[in-house]
Amino acid sequence: MRRKQQKECGALIPNFKLPTHYAVFNSAKASGQAVSPDCNHIGTLDKTPTSFAINRSATQVESRLPLEKVQQTNLVSISSGYTENWGESNMADASPKTDISTDADTDEKSQRSDRGKLNAVVASDSSDRSKGSLDQKTLRRLAQNREAARKSRLRKKAYVQQLESSRLKLTQLEQELQRARQQGIFISSAGDQSHAMGGNGAMAFDVEYARWLEEQNRLINELRTGVNSHAGDAELRIIVDSVLVHYDEIFRLKSNAAKADVFHLLSGMWKTPAERCFLWLGGFRSSELLKLLVSQLEPLTEQQLVGISNLQQSSQQAEDALSQGMEALQQSLSETLSTGSLGSSGSSGNVANYMGQMAMAMGKLGTLEGFIRQADNLRQQTLQQMHRILTTRQSARALLAIHDYFSRLRALSSLWLARPRE
Amino acid sequence: MDRVRDLASKKAAVIFTKSSCCMCYSIKTLFYELGASPAIHELDHDPSGRDMEWALRGLGCDPSVPAVFIGGRFVGSAKDVISLHVDGSLKQMLMDAKAIWF
C-alpha cells in the first residue's frame, strides 16, 4: 500500500522533486532495488520509507520546508521525516511544516509525534528551557502539529480532487477532438497526421503567424502614434517601410508553409472564421482591399486616382486569371480521377490505370503550391505598388486602415464564437 | 534554343506552355483579358519540346512554363508577369510591341 501511495504521489504532483539525500532513496526505487537498505543511509527510519516520501512531497507542495531551521537546531531525527519546526523562535509558527501523512497513516503519525516529542525533549534540554513549562509547551506544540497536519491533509485532498477533475476534463476534450477530427474538421495536431511533416507544418505556421500578428500590432501602434502626433515625413517613412518589410515576412512564411502543407493555407484555418469568409486562394483579395481604401484615402490627386484605379483593375484581372487557372485545375483533377472506372481490360490493367491516375492526380495537386505562391505574390506586389502611388502619409493611413479592417474582422470572429447559443 | 528564339520572334506576344499546366492557363487568360492574342506553343506537343524546355530553364525560367516573350524578348515566368502587370509595365510592353493598342 505504501509503495502505491508513493507512486501515486509522484504521479500526481508535477515537478515532484526530492532533495538530494532523498534522491538516493528515489533512484534506488527507480532501479528496482529494495527500498530499505537505502533508507539506512538516510537515517533511523525503519518502517516508513514511502510515507516519508509522501511527507516530503506534501511539504514540497506546500513549498515550505524549514529544513535549514531543523538542521540548525542539530536535531537527530531529520530522517524520521518529521519536519516539525523546533527552532526556538518558531514555536507559534502556524505554517504546515509538520508531519503530514495520508489518512491511513494517522496511527503512525501519532507514534511519530511521540517519537518527535521525545526528541523534542532531548533537543529542548540542549536548548535551554526549564523542565516545568516543557509539558505545557509540548502539549501545545502537539496540538498545533495535529491541527496543521489536518489542514495539510485537507489541502492535499482538495488538490487531488482538482487533479482528478482536470484529468476527466482532459479525457473528455480528447474524445471531442477525436470526434471532430472524424467529421473532417481540420484540427492540426503533432502526432496524428499521416504525413508527420504536414501536421507539423500546419502547427508551426500557426505559431509563426500568431507571432507575426503580435509584431504587426506593435508596428501598427507605432505607426498610429506617429500619424496622430503629426510626425515628420522622414520619421513616418521609416515606420511605413518597416511595416511593409514586415508584410514581406508573412509572405515568406506562407511560402515556406505552402511547401509543407498547402492545404492548411488553402483551408484558411489559420485565420479567424470571419476572415475565412473572404478567403481567396489562401488570403485576402487585393482588389477588395483597394476598394475599401479609396474612400478613406481622399483627397487624392488626379494622377493618384488614375494610379489607384489602374491598380484596382490590374489586381482584379490577375485575380480572375488565377481563379480561372484554379478552376481549370479542379476540372482537370476531376477528369483524372473519374476516367476509366469501368475499364474493360483485365484486373492488372485496372490496377495500372488506377496507379497512373493517382500519379497524374498527385502531379496536379503539386501545382497548388504554385497558385498560392502567385496569389501571395499578387498581394505583395499590390501593397508595394500602392505604396509607390501614395505619399508617405497616405501610405501610413492606408496601412492603418487595412490593419483596422482585419482587426475588426478578427474581433467579429471572437464575438461570433462567444455568442450565446440555445 | 534556336527554335525558342525563332518562335519567340514570330509574334509580338509568345507564350510557351504545357497542355497540362494550369498556371499556363492563368497567364494565357490574363493576356486575353488584356486584349492580346499571344502565340501559344505547347512543349509537350512539340517534337523538340524537351530541348526547348531545357533552353527555357537556361534562360532562368523556373518553372520552365509558362515562359513569356514580348517583342522577341524574354519577360519571365508567371511570377514576373504578375509583378509586371501590377505595376503597369506589362501593358506598356504589350503596347510597345504592338501586341495591343490600348
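Hydrogens, waters and symmetry mates are skipped; everything else that's a heavy atom, side chains included, is used. Chain letters run A, B, ... following the sequence lines, proteins first and then strands; every chain starts at 1.
- For B/D2, the salt bridge (Lys or Arg N to Asp or Glu O under 4.0 Å) test picks out no residue, with sequence neighbours left out.
- The ring pair (Phe, Tyr, Trp, His ring centres under 6.0 Å) check on A/F371 picks up nothing, with sequence neighbours excluded.
- Of the listed residues A/G325, A/G307, A/A318, the one with more heavy-atom pairs under 4.5 angstrom with chain B than any other is A/G325.
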For a quick check, list the donor-acceptor atom pairs closer than 3.5 Å between chain B and chain A, or say none.
residue	atom	partner	partner atom	Å
B/S26	OG	A/A321	O	2.8
B/S26	OG	A/G325	N	3.4
B/K79	O	A/N377	ND2	3.2
B/H85	NE2	A/S314	O	3.2
B/H85	NE2	A/Q317	OE1	3.1

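- A search for ring pair (Phe, Tyr, Trp, His ring centres under 6.0 Å) contacts involving B/F16 returns B/H41, B/F69, not counting sequence neighbours.
- Minimum interatomic distance between A/A328 and B/C22 (heavy atoms only, all atoms of both residues): C-SG, 3.9 Å.
- Of the residues considered (B/V81, B/I27, B/V86), B/V86 shows the highest number of contacts with chain A, using heavy-atom pairs under 4.5 Å.
- Contacts between B/L34 and chain A at a heavy-atom distance below 4.5 Å involve the side chain alone, from C-beta outward.
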